[in-house]
Amino acid sequence: VVDSVSDWTGKPYATIYRTDGSPRIAPQQSVNARLGNAVELIGYDIAREGSVVALTIYWQSVAETPIDYTTFVHVVGATNPATQSTVWAQDDARPGRGSYPTPRWHAGELVIDEYHLTLPTDAPPGEYPIEVGMYNLETGARAHVIDVSGAPMENDRVVFKGITLP
């Protein structure tokens, strides 16, 4: 264990591990997308309880980077009348809620990062994909995203299946 991270109430929400070799992980969904020159999105787990969506993202550092990336996670759907955009919930944060920024990552390291999104209670039934990516905290520029074949991904983000509201 490298570090354990707690919220403002003292409740732990993340544990950072460093292991020799590649740990065996099995995300619910595999992705394999490259963000910038230093980060690979391996996969994710998703769960929903009521209006809260819990998303666990599995990152792999493929090279060290001086860029301080922030992760964006958006639940999107039809136009939200409250925001006049397609975003229904979002959670933007540096990895580990700021406790483990990308410049501290070592090549080969696996980082498991958690995000929680609360949907409005008046969200209509339907499909709500989740889009994920990273941006440079200083400039706001998104990390370029390519898929496993090297093709660029639209709007420099990865789109997950997401959730369905009945």
Lys NZ or Arg CZ of Arg142 over Phe72 ring: under 6.0 Å, within 45°: yes
Please report the shortest heavy-atom distance between [X] and [Y], naming the atom on each side.
| X | Y | result |
| --- | --- | --- |
| Val87 | Gln90 | CG1-OE1, 3.8 Å |
| Val73 | Ile130 | CG1-CG2, 3.7 Å |
| Gly36 | Ala143 | N-CB, 3.9 Å |

Spacing of [X] atom [atom1] and [Y] atom [atom2] [to the nearest 0.5 Å]:
| X | Y | atom1 | atom2 | result |
| --- | --- | --- | --- | --- |
| Gln29 | Leu55 | CD | CG | 11.0 Å |
| Leu165 | Trp88 | CG | CH2 | 9.0 Å |
| Leu35 | Met134 | CG | CE | 6.5 Å |

Checking [X] side chain against [Y] main chain: does a donor-acceptor pair fall under 3.5 Å?
| X | Y | answer |
| --- | --- | --- |
| Thr102 | Tyr69 | yes |
| Arg157 | Glu154 | yes |
| Asn80 | Thr86 | no |

Taking the six-membered ring for Trp and the full ring for Phe, Tyr or His, determine whether the centres of Phe160 and Tyr44 are under 6.0 Å apart. yes
Report yes if some heavy atom in the side chain of Glu109 is under 4.5 Å from a heavy atom in the side chain of Gln60; otherwise report no. no
Find out whether Val53 and Ile163 are in side-chain contact, i.e. whether some heavy atom of one side chain is under 4.5 Å from a heavy atom of the other. yes
Side-chain donor-acceptor pair present, Asp156, Tyr135, cut-off under 3.5 Å: no
Ignoring hydrogens and angles, state whether a donor on the side chain of Thr164 or Tyr128 is under 3.5 Å from an acceptor on the partner side chain. no
Using a cut-off of 6.0 Å, state whether more than 12 heavy atoms not belonging to Asp147 lie near its atom CG. yes
Would you please test Asp113 and Tyr100 for side-chain hydrogen bond (donor to acceptor under 3.5 Å, both in side chains) and show each step? CA-CA 10 Å; Asp113 207 12; Tyr100 203 54; over 6 Å; no
Students often mix this up, so state it plainly: with edges at 30° and 60°, are the rings of Trp59 and Trp105 parallel, tilted or perpendicular? tilted
Is Asp91 salt-bridged to Arg97, going by a charged N under 4.0 Å from an acidic O? yes
